[in-house]
Peer 1: 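Supplied in structure tokens, the structure appears directly below.
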Amino acid sequence: ITLPRDAEVVDDAPSFVQSGGNYMFYDRRTTSRKPNAYEKLIASANHSIWVWDPYLDSDNFPRLFAKVEAKTIRIEILTTLALHKSKDDLQTMTTNIRDEVPDTCTSCDVVGIAYYKQDWHDRYLIIDEQKVYLVGASMDAHRDSNKSYGIYEVTEPKDIGFIIQKYTD
């Protein structure tokens, strides 16, 4: 996805300022627009979306999947279950995500994978097992954010392979 520079912003454009070739930054202090770059990255997937986010704690983020365009997609959510969350909460989350995917997606598989111990902090978005993004905020911040954060596209093949290996371990 090519994100426009601030001067090129149009209604449909991601509400991010692009700084450099691989880094997108949402600055809530300089825009009244809601963030939408994460949603656009999700929509660009052709066959798989892997979300690696230990801090999922909102019912707001399933709407990020409302613009998935693929006819067949597998969505995996890797997260931790905090003390106040249960497997039922994880099941509800995956059901809510599936309910947001458009009906034009004829085959949509949503899988929730949970750890009970929080062993990591970073968040990643992996599209089609090829594009890897290091994400500065949890998914709930990508719909209605009162925080500033960035998304970095990892382009070094060794780094991409390393992150995907850690995700699948």
Peer 1: Between Thr79 and Ala114, is there a donor-acceptor pair closer than 3.5 Å when you use the side chain of the first and the backbone of the second?
Peer 2: no

Peer 1: Suppose we screen for salt bridge (Lys or Arg N to Asp or Glu O under 4.0 Å). Which residues come up paired with Glu100, at least two apart in sequence or across chains?
Peer 2: none

Peer 1: Are any non-hydrogen side-chain atoms of Lys71 and Thr104 less than 4.5 angstrom apart?
Peer 2: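 Sidechains of Thr104 and Lys71: in contact.
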
Peer 1: Taking the side chain from Thr94 and the backbone from Val110, do they hold a donor-acceptor pair closer than 3.5 Å?
Peer 2: no

Peer 1: Please name all residues satisfying side chain to side chain donor-acceptor pair (under 3.5 Å) with Asp99, sequence neighbours left out, ordered by chain then number.
Peer 2: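 Applying side chain to side chain donor-acceptor pair (under 3.5 Å) to Asp99 gives none.
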
Peer 1: CD1/Ile97 to CZ/Phe65 distance, rounded to the nearest 0.5 angstrom?
Peer 2: 4.5 Å

Peer 1: Any idea which heavy atoms bring Pro102 and Ala66 closest together, and the distance?
Peer 2: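 Reported closest heavy-atom pair: CG-O, 3.1 Å.
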
Peer 1: So, taking the atom named OH in Tyr152 and the one named CG in Leu134, what distance separates them when rounded to the nearest 0.5 Å?
Peer 2: 9.0 Å

Peer 1: Give me the atom names and distance for the closest heavy-atom approach of Arg123 to Gly136.
Peer 2: NH1-O, 3.6 Å

Peer 1: Checking Thr155 now: which residues fulfil side chain to side chain donor-acceptor pair (under 3.5 Å) with it, not counting sequence neighbours?
Peer 2: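 Testing Thr155 for side chain to side chain donor-acceptor pair (under 3.5 Å), a comparison that skips the adjacent residues, returns Asn22.
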
Peer 1: Closest heavy-atom contact between Cys105 and Arg98?
Peer 2: O-NH2, 3.8 Å

Peer 1: Residues two or more places apart in sequence or in another chain: which of them pass side chain to side chain donor-acceptor pair (under 3.5 Å) with Tyr167?
Peer 2: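 Result, side chain to side chain donor-acceptor pair (under 3.5 Å) vs Tyr167: Glu76.
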
Peer 1: Can you tell me how far CH2 of Trp50 sits from CD1 of Ile113, rounded to the nearest 0.5 angstrom?
Peer 2: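 Those atoms lie 9.0 Å apart.
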
Peer 1: Could you check whether any side-chain heavy atom of Lys67 comes within less than 4.5 Å of a side-chain heavy atom of Lys40, counting everything from C-beta outward?
Peer 2: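 Of all side-chain heavy-atom pairs linking Lys40 with Lys67, none is under 4.5 Å.
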
Peer 1: Any chance you could lay out the side-chain contact (heavy atoms from CB on, under 4.5 Å) test for Ile73 and Asp109, step after step, and finish with the verdict?
Peer 2: CA-CA 6 Å; Ile73 195 92; Asp109 187 21; over 6 Å; no

Peer 1: Rounded to the nearest 0.5 Å, what's the gap from CG on Leu90 to NZ on Lys87? Could you check?
Peer 2: 9.0 Å

Peer 1: Please say whether more than 12 non-hydrogen atoms of neighbouring residues, nucleotides or ligands are located less than 6.0 Å from CG in Asp103.
Peer 2: no

Peer 1: Could I get the full list of side chain to side chain contact (heavy atoms under 4.5 Å, CB included) partners for Ile160, not counting sequence neighbours?
Peer 2: Val132, Val154, Ile164

Peer 1: Would you confirm whether Asp128, through its side chain, and Ala45, through its main-chain N or O, come within 3.5 Å as a donor-acceptor pair?
Peer 2: no

Peer 1: For the side chain to side chain contact (heavy atoms under 4.5 Å, CB included) test, which of Ile42, Ile77, Val101 pairs with Ile49?
Peer 2: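 When Ile42, Ile77, Val101 are each tested with Ile49, the side chain to side chain contact (heavy atoms under 4.5 Å, CB included) holds only for Ile42.
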
Peer 1: Evaluate Lys166 against Tyr124 for side-chain contact (heavy atoms from CB on, under 4.5 Å), listing each step before the verdict.
Peer 2: CA-CA 11 Å; Lys166 289 296 178 188; Tyr124 296 92; over 6 Å; no

Peer 1: Got a second to check how far Gln165's CD is from Lys158's NZ, nearest 0.5 Å?
Peer 2: 13.5 Å

Peer 1: Would Val135 and Asp53 satisfy side-chain contact (heavy atoms from CB on, under 4.5 Å), going step by step from the backbone distance to the final call?
Peer 2: CA-CA 9 Å; Val135 182; Asp53 189 334; over 6 Å; no

Peer 1: Only counting residues at least two apart or in another chain, list the ones meeting side chain to side chain donor-acceptor pair (under 3.5 Å) with Thr95.
Peer 2: Gln91

Peer 1: Between Thr80 (side chain only) and Pro54 (backbone N and O only), is there a donor and an acceptor less than 3.5 Å apart?
Peer 2: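 Yes: the side chain of Thr80 pairs with the backbone of Pro54.
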
